[in-house]
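In what follows, a structure is listed as structure tokens, so that the remarks can point back to it.
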Amino acid sequence: MVLNTSGGLTSGDNISVSVEVQAGASCSVTTQAAERAYRAPNAAASVRSAIWVEEEAEVLWLPQELILFDGARLQRELTCDLAATSKLLVVEPVIFGRHAMGETLSHLEFRDTIRITREARPLFQDVTLMEGDASELLTMPALAMGMGAMVTLIYIAPDAEAKQDAIGPHLTNLCGASMVHRDALVVRALAEDGFGLRRMLLPVLDILTNYTLPVSWRL
């Protein structure tokens, strides 16, 4: 369980997390609650996480939602280095302002990078960059169609294709699931708000974690 005792991210915050899982071990990493990125009038906050997974080992990277507030400036990076027989589940949900509070994000600077390698070879790389009036950007059909929450989910394991079939009934028409490698499944999903996103995610994560989802996700 990762705990940010500051209560949120703002200018000058610099957090780094390192996880190393040795051969044959299994590790589940989550957070105590949703993370919050507040207005950052000066330098951007920075969060860098690095994961190393040895042979026959497994990591479930399951942070709860990141909530972005108006004026947030955040650079976030996740790197994962896998062995040939490693297993990995990554979920990164993001909420653009609290829908129930009527919040809008007229000023946002958000860069989110995910890099996954296996035996030092690139397996998956993704960069999300949003700058300016996020409320306006999110209305674009090619981006979010007016939705206020999104998630990137990556599942790397020998049974990835079978899991794609299993989670299919739980995905909405705002979700897409693709096999980017013979054992690598990537899911993208949008939802109107954080509640809708979590309602979709819970049964999907139950299946992908073999019903071992940390209890903090249900509080």
Side-chain angles (χ1 to χ4, degrees), residues 1-4 15 17-22 24-37 47 49-54 56-68 76 78-80 82 85-96 98-100 112 114 116 124 126 147-172 174-180 183-219:
M1 183 80 71
V2 178
L3 174 67
N4 178 5
I15 295 176
V17 177
S18 297
V19 177
E20 183 174 349
V21 183
Q22 296 181 351
S26 179
C27 178
S28 180
V29 183
T30 188
T31 55
Q32 87 287 2
E35 182 61 277
R36 293 160 173 80
V47 177
S49 304
I51 301 173
W52 292 270
V53 193
E54 295 184 5
E56 302 293 338
E58 176 185 47
V59 169
L60 308 179
W61 179 259
L62 301 165
Q64 296 188 60
E65 297 89 348
L66 167 66
I67 304 175
L68 298 169
R76 189 172 68 166
L78 171 65
T79 59
C80 306
L82 309 180
T85 57
S86 303
K87 298 180 182 179
L88 176 70
L89 172 62
V90 168
V91 61
E92 288 287 6
V94 179
I95 299 173
F96 297 92
R98 296 172 299 179
H99 181 78
D112 194 22
I114 300 175
I116 300 174
F124 178 84
D126 181 74
M147 300 293 103
M150 70 178 187
V151 65
T152 298
L153 186 152
I154 305 148
Y155 180 74
I156 300 172
D159 64 346
E161 191 168 5
K163 293 292 190 183
Q164 180 183 19
D165 294 336
I167 67 174
H170 301 286
L171 302 181
T172 71
L174 294 174
C175 302
S178 301
M179 296 294 298
V180 299
D183 61 352
L185 170 65
V186 175
V187 177
R188 304 276 199 181
L190 296 169
E192 183 177 4
D193 54 24
F195 176 76
L197 189 65
R198 181 168 286 224
R199 184 170 57 183
M200 182 278 297
L201 272 176
L202 283 175
V204 170
L205 291 176
D206 274 335
I207 292 170
L208 296 180
T209 63
N210 293 317
Y211 297 90
T212 61
L213 188 63
V215 68
S216 61
W217 269 84
R218 305 191 188 280
L219 299 178

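Keep in mind that the numbers below use all heavy atoms, side chains included, and drop hydrogens, waters and symmetry copies. Throughout, numbering of the chain's residues begins at 1 and tracks the sequence.
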For the atom pair CG (Asp112) and CG (Leu68), what is the distance rounded to the nearest 0.5 Å? 9.0 Å
Under the side chain to side chain contact (heavy atoms under 4.5 Å, CB included) test, which residues partner Thr30, sequence neighbours left out? Met1, Leu62, Gln64, Pro214, Ser216, Trp217
For Glu54, which residues count as a side chain to side chain contact (heavy atoms under 4.5 Å, CB included) partner, sequence neighbours excluded? Glu20, Gln22, Ala23
If you apply the rule side-chain contact (heavy atoms from CB on, under 4.5 Å), what do you find for Ser49 with Trp61, and how did you get there? CA-CA 10 Å; Ser49 304; Trp61 179 259; 3.6 Å; yes
Side chain to side chain donor-acceptor pair (under 3.5 Å) involving Trp52 - partner list, sequence neighbours excluded: none
Provide the full list of side-chain hydrogen bond (donor to acceptor under 3.5 Å, both in side chains) pairs with a residue in residues 149-163, sequence neighbours left out, each pair given once. Thr152-Arg188, Tyr155-Asp159, Lys163-Asn210
Among all residues two or more places apart in sequence or in another chain, which pass the side chain to side chain contact (heavy atoms under 4.5 Å, CB included) test with Ala177? Gln164, Leu171, Leu185, Val187
Taking it one step at a time, do Leu208 and Leu153 satisfy side-chain contact (heavy atoms from CB on, under 4.5 Å)? CA-CA 10 Å; Leu208 296 180; Leu153 186 152; 3.5 Å; yes
Going from CE on Met200 to CG on Leu174, what distance comes out if it is rounded to the nearest 0.5 angstrom? 9.0 Å
CD1 on Ile116 to CG on Leu88, rounded to 0.5 Å: 5.0 Å
If I take atom CZ from residue Arg199 and atom NE2 from residue His170, how far apart are they, to the nearest 0.5 angstrom? 14.0 Å
Mind checking what makes side chain to side chain donor-acceptor pair (under 3.5 Å) contact with Ser26, not counting sequence neighbours? Glu58
Nearest 0.5 Å please: distance from the CG atom of Asn4 over to the CZ atom of Arg36. 10.5 Å
So, taking the atom named CG in Leu197 and the one named CD in Glu192, what distance separates them when rounded to the nearest 0.5 Å? 12.0 Å
Listed partners of Ile95 passing side chain to side chain contact (heavy atoms under 4.5 Å, CB included), at least two apart: Glu65, Ile67, Ala149
